[in-house]
Protein chains: 2
Amino acid sequence: MKLLDIIDGTPIRYGYRIAFLTNFYREPLLRRMELEHGIIRPEWTVLICLSFRDGLNPRDICEITEQPRNTVSRAVTSLTRKGLIVPAADPADARRKVLRITEAGRAAYERIMPMFVEGERKLMACLTERERGDLDRLLDKLCRAVPGWVGG
Amino acid sequence: MKLLDIIDGTPIRYGYRIAFLTNFYREPLLRRMELEHGIIRPEWTVLICLSFRDGLNPRDICEITEQPRNTVSRAVTSLTRKGLIVPAADPADARRKVLRITEAGRAAYERIMPMFVEGERKLMACLTERERGDLDRLLDKLCRAVPGWVGG
DNA sequence: CAAAAAATGTTCCATATGGAGCGATCTGCG
DNA sequence: CGCAGATCGCTCCATATGGAACATTTTTTG
């Protein structure tokens, strides 16, 4: 008996399976990341953000990742201690910090990301090219619609 | 700037968006459930399992939900204290408990589940009937393939 | 049949997480 | 300018979570 077997017995078939996939794709990788690289989820999300756009504030990262401020604050502290990012004063606003990813930070990102890429490859291996295209389009539509209903 | 905006900058487009949808669909509902009904995630998964098939053991629930044993153990204890389930001795194996959902437990399930159904409705509202059919088929394929690669 | 190994559920402990509130700073309005 | 209110990041605290070890019971093995 597995979670899959009770999906047909629940009235939330879509939500259930999407959460199911997330559980099996993401959670094991997050645990491996912590074990093998000593990086935990909030730290990882900060690295991803800064890797995409350097010089963000903690506040920006809260907004992007929807994480609470204290969670981001802790991640910034620990990443700084590890030398993966460097916080600087924001000349325009003394309350803010400008966060910059270091070389070591980029290296950590480049070391960890392939793990998630490989996980995604396994996840998607069962689909044909055409099916991936369909899924891509559907996910895009679903994600773009989120801001319209979330919070309400 | 939102998470959506950096999706194109990441090499894990599918995994990212699936996790994104889970975050916005499930997490707010779990928080509301705790606030309004005093039920937390592990308790909810136990209720779902027993609602689908009464008389399961904690061990079965661990297997179905992939939750650690101590988490399920705690959920069983608290649900019992709340009168939502009743544990009995398993005559076939003295180590095991047979868990049965109570009337109050079923009532709680019937009260909470509509919240998740409504959340799913919002999530899926952007898709046409045809697109839902496509997504249904794709999710089915993805989920069925999970046991083949998970853990490896 | 006896001892080793596995299974089941619990407890202990370390840590991750989020809410609330704090001090410092900035903004808007008179 | 001066003050009320908003914003930013941090700390405190309560709780959720998972790993490891434990006692009890069952299964396997010699």
Side-chain angles (χ1 to χ4, degrees), chain A residues 1 23-24 26-46 49-50 55-82 85-100, chain B residues 1 23-24 26-46 49-50 55-82 85-100:
Chain A
M1 166 88 63
N23 276 352
F24 282 96
R26 188 179 58 180
E27 305 308 323
L29 290 176
L30 290 175
R31 238 159 276 162
R32 255 189 71 197
M33 179 174 68
E34 178 172 3
L35 240 76
E36 298 178 10
H37 301 275
I39 301 286
I40 62 177
R41 167 136 79 128
E43 296 173 339
W44 179 232
T45 62
V46 170
C49 289
L50 293 181
L56 294 169
N57 308 120
R59 191 208 154 279
D60 298 325
I61 295 177
C62 289
E63 187 181 324
I64 294 171
T65 65
E66 303 276 338
Q67 286 176 310
R69 283 179 308 205
N70 51 7
T71 298
V72 172
S73 172
R74 274 188 295 256
V76 165
T77 301
S78 53
L79 285 172
T80 302
R81 189 156 10 102
K82 291 172 186 173
I85 67 173
V86 170
D90 186 336
D93 188 334
R95 294 170 306 180
R96 293 188 179 178
K97 281 181 172 182
V98 175
L99 305 175
R100 301 214 169 272
Chain B
M1 169 88 62
N23 275 352
F24 283 95
R26 188 179 58 181
E27 305 308 323
L29 290 175
L30 290 175
R31 239 161 274 162
R32 255 190 71 196
M33 180 175 66
E34 179 172 2
L35 239 75
E36 298 178 11
H37 301 276
I39 301 288
I40 62 178
R41 168 136 77 130
E43 296 173 340
W44 179 232
T45 61
V46 170
C49 289
L50 293 182
L56 293 169
N57 307 122
R59 190 208 154 280
D60 299 326
I61 295 177
C62 289
E63 188 182 322
I64 294 171
T65 65
E66 303 276 339
Q67 288 176 308
R69 284 182 308 215
N70 50 6
T71 299
V72 172
S73 173
R74 274 188 295 257
V76 165
T77 301
S78 53
L79 285 172
T80 302
R81 190 156 7 106
K82 291 172 185 171
I85 68 173
V86 170
D90 186 335
D93 188 334
R95 294 170 304 181
R96 294 188 180 180
K97 282 179 171 183
V98 175
L99 305 176
R100 301 213 168 273

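Below, chain A is the first sequence line, B the second, and so on; all start at residue 1.
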For [X], check side chain to side chain donor-acceptor pair (under 3.5 Å) against everything at least two apart and list the hits.
X	value
B/Asp93	B/Arg95
A/Arg26	none
A/Arg32	A/Glu36

Measure the distance from [atom1] on [X] to [atom2] on [N] and round it to the nearest whole Å.
X	N	atom1	atom2	result
A/Glu63	D/dT7	CD	C1'	13 Å
A/Leu35	C/dA14	CG	P	18 Å
A/Arg41	D/dA16	CZ	C1'	14 Å
B/Arg32	C/dG18	CZ	P	19 Å
B/Leu56	C/dG9	CG	C1'	16 Å
A/Arg96	D/dA6	CZ	P	17 Å
B/Asn23	C/dT17	CG	C1'	14 Å
B/Asp90	D/dT24	CG	C1'	15 Å

message: Once salt bridge (Lys or Arg N to Asp or Glu O under 4.0 Å) is applied, do any residues pair with B/Glu66, and if so which ones, sequence neighbours excluded?
response: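 Applying salt bridge (Lys or Arg N to Asp or Glu O under 4.0 Å) to B/Glu66 gives A/Lys2.
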message: Pick the closest DNA chain C nucleotide for A/Gln67 and for B/Arg59 by heavy atoms, then say which residue is nearer the 5' end.
response: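 Between the two, 5'-proximity favours B/Arg59.
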Nearest to the side chain of [X] - [options]?
X	options	result
A/Ser73	D/dC10, D/dT17, C/dG9	D/dC10
B/Pro42	D/dT17, D/dG18, C/dT8	D/dT17
B/Ile40	D/dA16, D/dC8, C/dA16	D/dA16
B/Glu34	D/dG18, D/dA16, D/dG9	D/dA16

A/Ile61 CD1 to A/Arg59 CZ distance, which is reported to the nearest 0.5 Å: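 Reported value, rounded in 0.5 Å steps: 11.5 Å.
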message: Please list, in numerical order, the residues of residues 75-82 of chain A that have a heavy atom closer than 4.0 Å to any atom of DNA chain C.
response: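 Here the set is empty: none.
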With a 3.5 Å cut-off and heavy atoms only, can you find an N or O donor on one side and an acceptor on the other between the side chain of [X] and the base of [N]?
X	N	value
B/Arg74	C/dG9	no
B/Asn70	C/dG9	no
B/Asn57	C/dG9	no

- line: Each nucleotide of nucleotides 21-26 of chain C classed B (base within 4.0 Å of a protein heavy atom), S (only sugar-phosphate) or -, in 5' to 3' order, makes B--BBS
Closer than 3.5 angstrom, by distance alone: can the side chain of [X] be matched with the main-chain N or O of [Y] as a donor-acceptor pair?
X	Y	answer
B/Asn57	B/Lys97	yes
B/Ser73	B/Arg69	no
B/Lys82	B/Gly38	yes
A/Glu43	A/Ile40	yes

message: With a 4.0 Å cutoff (strictly under), does any side-chain N or O of A/Thr71 reach OP1 or OP2 of C/dT17?
response: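 So the side-chain polar atoms of A/Thr71 never come under 4.0 Å of the phosphate oxygens OP1 or OP2 of C/dT17.
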query: Taking all atoms of both residues into account, what is the closest heavy-atom pair of B/Leu50 and B/Gly55, and its distance?
result: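 Closest heavy-atom pair between B/Leu50 and B/Gly55: CD2-N, 4.1 Å.
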